[in-house]
Amino acid sequence: MARFLIVEARFYDHLNDMLVAGARAALEKAGHEVEVLTVPGALEIPAAISMAVDSQQYAGFVAIGVVIRGETYHFEIVAGESARGIMALTMDGIPIGNGILTTENEQQAIVRADPAQLDKGGEAAKAALALLDIQAKFAS
Ligand SMILES: Nc1c(NC[C@H](O)[C@H](O)[C@H](O)CO)[nH]c(=O)[nH]c1=O
Ligand SMILES: CC(=O)[C@@H](O)COP(=O)(O)O
């Protein structure tokens, strides 16, 4: 059993509740412990994961959030830079699954957040589990 940290950017409560539930279910089904840390927005997720890595308490991480396009260029910044920060951390060998939805509207987000539909939170957790397995394979 390992300990995973779900780092959620809680911008839309009803969507995050579904994403976190899906991620938690996948991790607990695999026999792992789960802790949840909430940050203001997706741009804070990479830094929070980086800080948590330094604590050496967690085997892997799942990033959870929802970025829905508005009127300005800010969508591109939040969506792109949160993904870039997470990718930089994974390239350092940190098992992270990216469950940050980047959608044009709320309906697209609902379909992807719902564990009974596309379950992107669960899919992100499974990606983190896969990276943990790969890490173990090459460490042995
Ligand atoms: N518009 C969304 C944001 N924006 C906030 C940023 O993520 C960040 O917290 C702020 O710029 C302060 O650094 N965050 C989301 O997660 N989702 C959005 O739709
Ligand atoms: C993704 C966003 O930043 C968005 O929620 C903000 O909306 P706007 O671009 O209209 O300020």
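Read the numbers this way: they start at 1 and go in the same order the structure lists the ligands and their atoms.
With values rounded to the nearest 0.5 angstrom, Arg84 atom CZ is found 9.5 Å from Ile77 atom CD1. Rounding to the nearest 0.5 angstrom, the gap separating the CD atom in Glu33 from the CZ atom in Arg24 is 11.0 Å. Separation of atoms CZ (Arg112) and CG (Leu15) is listed at 12.0 Å; rounding is to 0.5 Å. To the nearest 0.5 Å, the span separating CG on Leu37 from CD1 on Ile45 amounts to 9.5 Å.
Ion pairing between Glu123 and Lys120 fails under the 4.0 Å rule for side-chain N and carboxylate O.
With a 6.0 Å cutoff to the six-membered ring centre and a 45° limit on the axis angle, Arg3 does not count as a cation-pi contact of Tyr58.
For Arg10, the salt bridge (charged side-chain N to carboxylate O under 4.0 Å, His left out) partners two or more places apart in sequence, or in a different chain, are Glu8, Asp13, Asp17.
Heavy-atom proximity to Val66, at under 4.0 Å, picks out these atoms of ligand 1: 15 (C), 16 (O), 17 (N), 18 (C), 19 (O). Atom numbering of ligand 1 starts at 1 in the shown order; those under 4.0 Å from a heavy atom of Gly41 are 7 (O), 9 (O), 14 (N), 16 (O). Here is the list of ligand 1 atoms found below 4.0 Å of a heavy atom in Ile68: 19 (O).
Looking only at protein heavy atoms, the nearest one to atom 13 (O) of ligand 1 is Glu44 OE2, 2.6 Å. Among all non-hydrogen protein atoms, the one lying nearest atom 5 (C) of ligand 1 is Phe11 CE1, 3.7 Å. Looking only at protein heavy atoms, the nearest one to atom 16 (O) of ligand 1 is Ala42 N, 2.9 Å.
Residues of the protein with a heavy atom under 4.0 Å from ligand 2 are Val67, Ile68, Gly70, Glu71, Thr72, His74, Phe75, listed by chain and number.
Around CD of Gln56, the count of heavy atoms belonging to other residues, nucleotides or ligands within 6.0 Å does not exceed 12.
Between the side chain of Ser82 and the backbone N or O of Val78, at least one donor-acceptor pair lies under 3.5 Å.
The shortest N or O to N or O distance between Leu43 and ligand 1 is below 3.5 Å.
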